[in-house]
Amino acid sequence: EITTRLVGSEMCKETALKYIQKQGYKLSSSKLYKLSATDNIPCHRSGRNLYFFAEELDKWLNNQIEEEGKTSQNLSTQSIQLIIKSAQQR
């Protein structure tokens, strides 16, 4: 599980992007902007500026990692089922 390193510290978009990437999650600047514009990542707005908090990003990252694991597991299960079905048809 990802631990908070900057509790209570607000980060600008560039710092948040570096923070997320440092956690091992691949994310581009444009993707971060799209996620924030659609409220799919926790962020705060002040005028045209975006601010992020490490604690909120840590929770979001943990959720993303869990979802990726579930997706990967589902794909593996589907692949196995297709192989079995193909073998049964022979």
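Bear in mind the structure is a predicted one, so any value in this text is a computation, not a measurement.
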Colleague: Just how far is it from atom NZ of Lys18 to atom CG of Leu27, taken to the nearest 0.5 Å?
Modeller: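 If I round to the nearest 0.5 Å, the distance is 14.5 Å.
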Colleague: Donor-acceptor check, side chain of Ser46 to backbone of Asn49, threshold 3.5 angstrom: yes or no?
Modeller: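 Checked: no pair found.
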Colleague: Check side-chain hydrogen bond (donor to acceptor under 3.5 Å, both in side chains) between Asn63 and all other residues, then give those that pass, not counting sequence neighbours.
Modeller: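 Partners of Asn63 under the side-chain hydrogen bond (donor to acceptor under 3.5 Å, both in side chains) test: none.
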Colleague: Quick one: CH2 on Trp60 to CG on Asn40, what's the gap to the nearest 0.5 Å?
Modeller: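 Those atoms lie 9.0 Å apart.
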Colleague: When you look at OH of Tyr33, are more than 12 heavy atoms from neighbouring residues, nucleotides or ligands closer to it than 6.0 Å?
Modeller: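 Atom OH in Tyr33 is not crowded, with 12 or fewer foreign heavy atoms closer than 6.0 Å.
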Colleague: Please confirm whether the backbone N or O of Lys34 pairs with a side-chain atom of Thr38, one donor and one acceptor, at under 3.5 Å?
Modeller: yes
Colleague: Can you measure from CG (Leu17) to CG (Leu50) and round to the nearest 0.5 angstrom?
Modeller: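 Leu17 atom CG to Leu50 atom CG measures 12.0 Å (nearest 0.5 Å).
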Colleague: So Tyr51 and Thr15, side chain to side chain contact (heavy atoms under 4.5 Å, CB included) or not? Walk me through it.
Modeller: CA-CA 9 Å; Tyr51 297 97; Thr15 305; over 6 Å; no
Colleague: Checking side chain to side chain contact (heavy atoms under 4.5 Å, CB included) for the pair Leu32/Phe52: CA distance, chi angles, key distance, verdict?
Modeller: CA-CA 11 Å; Leu32 177 60; Phe52 301 85; 4.1 Å; yes
Colleague: What distance do Met11 atom CE and Cys43 atom SG have between them, rounded to the nearest 0.5 Å?
Modeller: 12.0 Å
Colleague: Considering all heavy atoms of both residues, which atom of Pro42 and which atom of Leu57 are nearest to each other, and what is their separation?
Modeller: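 It is O-CD2, 4.2 Å.
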Colleague: Rounded to the nearest 0.5 Å, what separates atom CG in Leu61 from atom CD1 in Ile20?
Modeller: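 The distance works out to 5.5 Å.
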Colleague: Judged by modelled atom types alone, do His44 and Glu56 share a side-chain donor-acceptor pair under 3.5 Å?
Modeller: yes
